[in-house]
Amino acid sequence: MIVMKFGGSSLANAERIRRVADIVRDQLARKPALVLSAMGDVTDYLLEAAGGALKNGAVSLAPIEDLHRNALRELGLEGAAGKEGPLKDFYSLLEELKNLLVGISLVRELSDRMKDCLLSFGERLSVRIMAAWLESTGVRAAALDAWDAGIVSDSNFSAAEAAGESRDLIPKALNPLLDAGTVPVITGFIAKDKNGNITTLGRGGSDLSATIIAAACGAEEAQVWKDVDGILTADPRVVVNARPVETVTYDEAAELAYFGAQVLHPRAMLPCMKTGIPVLVKNSFNPLAPGTRIVPSPCVKPGPVRAITSRKNVTLVDLASTRMLGQYGFLEGVFSAFARRRISVDMVATSEVSVSLTLDAAHDLEELRGELEKIASVEIKTGKAIVTIVGDVRRSSEILARSFRTCEILGVPVQMVSQGASKVNISFIVDDTEAADVVNALHGDFFDSLPPPGEGTDGEKA
Ligand code: ASP
Ligand code: MG
């Protein structure tokens with residue numbers, strides 16, 4: 001079997017739903033199980049609706065209801081809603097959603113638990129429409145809520161993790177359908193805990209649902225269908241001639257996800273990594289493009305670098321110990337101060353008496369500064385950017401030499417550098433305002449001289 005996951009923009013309207021069904025039909029022989037996001041921006045609309053109900057007691061479902069009803073009408077499925085089949089409970093779900101919003105508007109309170117329940121409606125509606133459309137085109141399909149597909153989670157609302165028993169429950173739920181030639185169409189993003197409460201796996205979590213299901217079923221492949229041609233060598237908004245990467249390892253893909261290439265959910269790689277199942281990132285708007293294959297082990301590739309990303313709005317904290325050289329416990333003091341405030345540190349570079357680290361600018365650091373000043377002199381610098389190069393660690397000297405040469409030519413001082421021992425990423429800090437120029441120049445140096453992708457240069461194929 002294979003898992004095919006489609007994100008919100010791939011399901012934004014009736015036309016997109018038709019295209020997705022075409023893509024699925026082409027691969028029916030591989031026994032697909034589908035995992036879907038909510039249609040379009042429905043998850044955001046749901047949050048907005050909750051915001052309105054909380055603030056001024058307004059209950060407005062219009063954009064959400066219109067989007068789904070229009071899709072049904074354009075697909076000719078209006079008559080099927082409310083009748084036996086995947087759309088049987090379509091109206092009752094809308095009703096339930098409305099009641100929940102009324103509840104929020106009356107109590108003027110939205111707990112994490114209620115929020116997860118509210119957000120679940122996007123995915124629950126989209127799978128029903130897709131299953132109904134597949135059925136109407138002659139493909140046997142069944143809409144499944146995550147809990148009917150065996151996905152059990154912990155009770156950590158808004159960031160739940162799948163529980164171990166899902167591994168057995170998922171194939172138990174899906175195999176009979178797959179064996180009978182029925183395509184299961186499963187809600188991504190959501191689950192239920194052991195007490196029956198609805199949970200979500202965090203924004204963008206449908207990718208994770210897909211890889212959890214793929215791992216549990218021992219899938220041949222997990223396909224993640226997006227609205228871009230795969231993982232790109234750089235952000236196309238920054239670098240005009242960014243191009244898709246043909247293959248990356250799980251490690252490389254995970255690094256890219258953490259450092260700003262918002263193609264895959266960072267946690268989504270884990271289930272497939274553990275089981276060695278390849279992940280294929282494809283574009284539902286351009287299904288003929290080869291996409292990016294994420295595989296267990298590296299293969300020979302033309303250049304030393306896979307991709308370059310940058311993340312802006314980063315704060316750099318520079319600490320020099322006020323204690324004597326060689327004293328122990330300094331780093332522990334520093335990191336426990338961050339841990340107590342639940343501030344996550346991204347990059348770290350240390351010397352004998354000083355440490356530099358980076359964090360997202362969102363945190364209020366004044367209190368922290370007070371505490372750190374007891375053990376170190378503290379300098380906090382805002383408006384920085386992390387530039388990350390993901391590439392072949394065996395060629396790190398070449399990558400470093402070329403990168404620093406590029407920065408030197410641009411007249412950009414590199415302010416901090418970090419490279420892990422066995423890691424595939426090299427990161428350094430520059431000013432926010434310099435990041436785009438640096439990424440463009442690096443991209444030009446590392447990629448422009450390489451042959452275009454798909455011309456037999458990929459060692460895996462050669
Ligand atoms: N619909 C959810 C979101 O927008 C989950 C997902 O799309 O993966 O975050
Ligand atoms: Mg979405």
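Each ligand, and each atom within it, is numbered from 1 in the order the structure gives. Source: prediction; values computed, not measured.
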Participant: Could you note down all residue pairs passing side-chain hydrogen bond (donor to acceptor under 3.5 Å, both in side chains) where residues 76-96 supplies at least one of them, sequence neighbours left out?
Facilitator: D89-R128

Participant: Check whether more than 12 heavy atoms from other residues, nucleotides or ligands sit under 6.0 Å from atom CD of E220, and answer yes or no.
Facilitator: yes

Participant: Taking the six-membered ring of F6 as reference, does the NZ or CZ atom of R19 fall below 6.0 Å from its centre and within a 45° cone about the axis?
Facilitator: no

Participant: Identify whether the distance between the nearest side-chain nitrogen and carboxylate oxygen of D207 and K226 falls below 4.0 Å.
Facilitator: yes

Participant: Residues in side-chain contact (heavy atoms from CB on, under 4.5 Å) with P176, at least two apart?
Facilitator: none

Participant: With a 4.0 Å cut-off on heavy atoms, is G205 touching ligand 1?
Facilitator: yes

Participant: For ligand 1, find out whether one of its N or O atoms is nearer than 3.5 Å to an N or O atom of D207.
Facilitator: no

Participant: Quick check: does any side chain N or O of N70 sit under 3.5 Å from a backbone N or O of D66, one acting as donor and the other as acceptor?
Facilitator: yes

Participant: Should one rank S37, G8, S120 by closest heavy-atom distance to atom 7 (O) of ligand 1, which comes out on top?
Facilitator: S37

Participant: Looking at non-hydrogen atoms alone, which of M39, R203, E123 comes nearest to atom 4 (O) of ligand 1?
Facilitator: R203

Participant: Would you indicate which of G202, S206, A38 comes nearest to atom 6 (C) of ligand 1 when only heavy atoms are counted?
Facilitator: S206

Participant: Please confirm whether G204 comes within less than 3.5 Å of ligand 1 when only nitrogen or oxygen atoms on both sides are compared.
Facilitator: yes

Participant: May I ask you to check whether T43 has an N/O atom sitting below 3.5 Å from an N/O atom of ligand 1?
Facilitator: yes

